[in-house]
Amino acid sequence: MAEKFKLVAPVDGKCIDLAQVPDDTFSAKVLGDGVAFSYEGDTVYAPCDGEIILVAETNHAVAIRSKGGLELLLHVGLDTVNLGGKGLEVLVKMGQQVKTGAALIRIDRAFMKQKNINLITPLILTNGAEYNLKLTGIGTTVKRGQSTVIEYQANTEAAGEQALAADTTSAGGLKYQKLCETVIENVGGKSNVISVTHCVTRLRFKLQDESKANTQVLSNTKGVIQVIQTGGQYQVVIGPHVDEVYKDLMEIGGFSATEAAGATQTETTEENLNPISKFLVLMTGIFQPLLSMLMAGGMLKALLVLLTTVMGVVDTGSGTYMILSAMGDALFYFFPIAIGWSAAKKFGIKDVYGIVLGGVLVYPTIVAVTGGEPLYTVFTGTAFESTVYTTFMGLPVIFPAVGYTSSVIPIIVIVWVASLLVKFFTKSLPAMLRSFFTPFLTLLITAPLGLLIIGPIAMLLQGFLTGFMSFIVNLNAGIAGLVIGTFWSLLVMCGLHMPVIVMCNINIATYGYDIIHPLFFTGAIASVGACIGVLLRTKDAEERSMIIPAAISSFFGVNEPTLYAVLFPRRMLMYGTFLSAGIGSMIAGFCGSKLYSFGASGILGLPCYINPEGIDFGFIALLIAMVASFVLALICGLMFGGKKDANGLQIDMSL
């Protein structure tokens, strides 16, 4: 006779019937039989001895295989997958052996209450059909580690997982080959798949056209528990062994890493966010895949400053300098291509669209066009006066003086427009024409639109901002410092800062000094303070490994890594850091700080602010401003740097 086993309560609270769980996946027992728990504690514990066989990357679920072979899934709360791991801390690892009562997941109750999350926790027996089950705890008050909630005994007649594996394997093939082939065929084929990923129990597809999917066939396929269409995703529910199915699916379907990454399994729910939050989530998502290289570039630029300016061991005319400079500047120079690639994935189209459109903006002939003879001038006599160097089909093309290299916003808008066109043509064109004419028409329309309208609009914004800055600087340098210093990082991110740099150059050439540059000098220093604050707060080793190079980059004046990796995912810290920079800039403005020459960025550029006649009060005030910005941002980091926002995105440093 088969041995009997038991599961004990994983929490102190009440054991309830799955039918009372307000989620059809659980109440209808789609994933299997079991029970659920209502409780007030902040930790979920192991209900049996066993091995951890699954840990959700979103921290909301853990699966255990008991010594009796039963596979059980503890799913903390409803819709917690949308939190992207926020408010939950997994305390175990894959493959770890655990004892009954071992802590599995810790919950931030205050955070969950703020997000209005229902923390009812189902305990699902995913291979329960192989066992004789007795649900003994339903309707009772239970105590963790003591109260028995389920008794089970092996059912020798059940085929279970072995039958599924045998029925889904081709001779000499992968374990789930037949199942994966059926899934791919009935989601409309590989060409219909934009991206695919998985969560704890589901394959999550983004499809070009969901009407091509055969939901009825998939729902009746052995190995598929259920098909769910929601939130722009086509979800095929497999069960807790979904990671194994996913690996076979990737190999059989020939899906690339890009297609796998195209949809993160922790997509943020954005419907209830305000416009600023939506913008930050969008920008964080686009820059996430670029952060590791962004920080590497920043570190290389910092190293180059040390080797040339401080140590003097590398000559700026040498090949060593040229190669190191190319390594540090490559990503920044070709930003439109890199951002186009990432934005395409974010907007749900193939990344080659973003790569090509970004390449158009930095194509050498286009970059060099402003070096030729101008044709004529438009908007003459206005703040938006612009020189035209070339035309497209008779229409004037207005280029920024420095081109679109290092720019951000134009390519994001261009790729967004391209995504709308791709989806339109995919639905509207006959199947036999779609594969060629969709990319052809999209490129033909979007690239000229970007050069004729989207890019020039960014230039008009530059003209407006330049005029506004001139106005407030002439009005009062202290007030100008507060405004410019606070918003400078955003101007750099949007690529709208170059006209201001040009103004600084003109002022130095005309007057021998410039009063605008000191008004945004403290931004990088504030970022260093914010990074150190977060570093002191966080205990996450991966997070710390990302913050340290970001802080070093900011120290040397390269602020993008800190902006995208540290500040954007923490809005309150971002606001505080920007304001800290603004307050420091205000001090510099009121006290008459001046820049006398251009040199190194960051702290190493301090000598450029020293009056040729000797250190004056303006330089001393700049030092005070720098310390003030650093200290204020450090305090903000200590206050707000402990955790990322719920709708922030986890940064994947493995790229």
Side-chain angles (χ1 to χ4, degrees), residues 298 301-302 305-306 308-311 469 472-473 476-489 491-492 497 500-501 503-505 507-508 511-536 550-559 562-563 566-567 573 576-638:
K301 289 163 74 74
V305 170
L306 285 174
T308 55
T309 305
V310 178
M311 301 171 65
M469 286 187 181
I472 61 173
V473 167
N476 185 284
I479 296 175
L482 180 62
V483 176
I484 296 174
T486 299
F487 294 103
W488 182 252
S489 291
L491 294 181
V492 173
H497 64 298
V500 182
I501 302 297
M503 289 172 61
C504 297
N505 275 295
N507 287 339
I508 290 176
Y511 307 110
Y513 62 86
D514 169 62
I515 64 172
I516 300 177
H517 205 278
L519 305 184
F520 51 82
F521 172 76
T522 58
I525 310 303
S527 292
V528 175
C531 284
I532 293 175
V534 176
L535 198 63
L536 293 174
I552 294 173
S553 295
S554 290
F555 182 86
F556 289 103
V558 182
N559 211 28
T562 297
L563 184 66
V566 181
L567 300 184
L573 175 60
T577 303
F578 287 176
L579 185 58
S580 299
I583 291 173
S585 298
M586 180 177 64
I587 295 172
F590 276 128
C591 296
S593 299
K594 297 180 178 67
L595 175 73
Y596 293 92
S597 64
F598 277 96
S601 300
I603 298 272
L604 297 182
L606 268 175
C608 300
Y609 296 87
I610 299 177
N611 192 321
E613 298 180 3
I615 293 176
D616 57 13
F617 180 69
F619 180 73
I620 295 173
L622 186 65
L623 295 178
I624 295 171
M626 184 176 70
V627 172
S629 292
F630 175 85
V631 172
L632 290 172
L634 174 64
I635 294 171
C636 290
L638 293 172

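These numbers were taken from a predicted model, which means no experiment stands behind them.
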A.B. asks: For Gly478 versus Met586, what's the shortest heavy-atom pair and its separation?
C.D. replies: O-CG, 3.4 Å

A.B. asks: Using atom types as modelled and distance alone, determine if a side-chain donor or acceptor of Thr562 lies under 3.5 Å from a backbone N or O of Ala550.
C.D. replies: yes

A.B. asks: Return the CG to CG distance between Leu482 and Leu579, rounded to the nearest 0.5 Å.
C.D. replies: 7.0 Å

A.B. asks: Below 30° counts as parallel, above 60° as perpendicular, anything between as tilted: where do the rings of Tyr609 and His517 land?
C.D. replies: tilted

A.B. asks: How far apart are the closest heavy atoms of Ser580 and Ala633, and which atoms are they?
C.D. replies: OG-N, 3.3 Å

A.B. asks: What do the steps show when you test Tyr596 against Asn611 for side-chain contact (heavy atoms from CB on, under 4.5 Å), and what is the final call?
C.D. replies: CA-CA 7 Å; Tyr596 293 92; Asn611 192 321; 3.2 Å; yes

A.B. asks: As an exercise, state the distance from SG of Cys636 to CG of Leu567, rounded to the nearest 0.5 Å.
C.D. replies: 10.0 Å

A.B. asks: Any chance you could measure Leu622, atom CG, to Ser585, atom OG, to the nearest 0.5 Å?
C.D. replies: 9.0 Å

A.B. asks: Shortest non-hydrogen contact from Leu573 to Ala530?
C.D. replies: CD1-CB, 4.1 Å

A.B. asks: For a quick test of reading the model, state the closest non-hydrogen atom pair linking Ile587 to Ala621 and the distance between them.
C.D. replies: CG2-O, 4.0 Å

A.B. asks: Answer yes or no: are there more than 12 heavy-atom neighbours, outside Phe590 itself, under 6.0 Å from its atom CZ?
C.D. replies: yes

A.B. asks: OG of Ser629 to CD1 of Ile525: how many Å apart, nearest 0.5 Å?
C.D. replies: 8.5 Å

A.B. asks: Rounded to the nearest 0.5 Å, what separation is found between the CZ atom of Phe555 and the OG atom of Ser527?
C.D. replies: 13.5 Å

A.B. asks: Decide side-chain contact (heavy atoms from CB on, under 4.5 Å) for Thr522 and Phe630; before the verdict, give the C-alpha distance in whole Å, the side-chain angles of both, and the deciding distance to 0.1 Å.
C.D. replies: CA-CA 8 Å; Thr522 58; Phe630 175 85; over 6 Å; no

A.B. asks: After noting the C-alpha distance and the side-chain angles of Leu595 and Ile515, does the key distance pass the side-chain contact (heavy atoms from CB on, under 4.5 Å) rule?
C.D. replies: CA-CA 6 Å; Leu595 175 73; Ile515 64 172; over 6 Å; no

A.B. asks: Within the side chain of Ser593, is there an N or O that forms a donor-acceptor pair under 3.5 Å with the backbone of Gly589?
C.D. replies: no

A.B. asks: Where do Asn476 and Ile472 land on the side-chain contact (heavy atoms from CB on, under 4.5 Å) test, with the steps shown first?
C.D. replies: CA-CA 6 Å; Asn476 185 284; Ile472 61 173; over 6 Å; no

A.B. asks: Any chance you could measure Met626, atom CE, to Leu606, atom CG, to the nearest 0.5 Å?
C.D. replies: 5.0 Å

A.B. asks: Any heavy-atom pair between the side chains of Ile532 and Leu638 that's under 4.5 Å?
C.D. replies: no

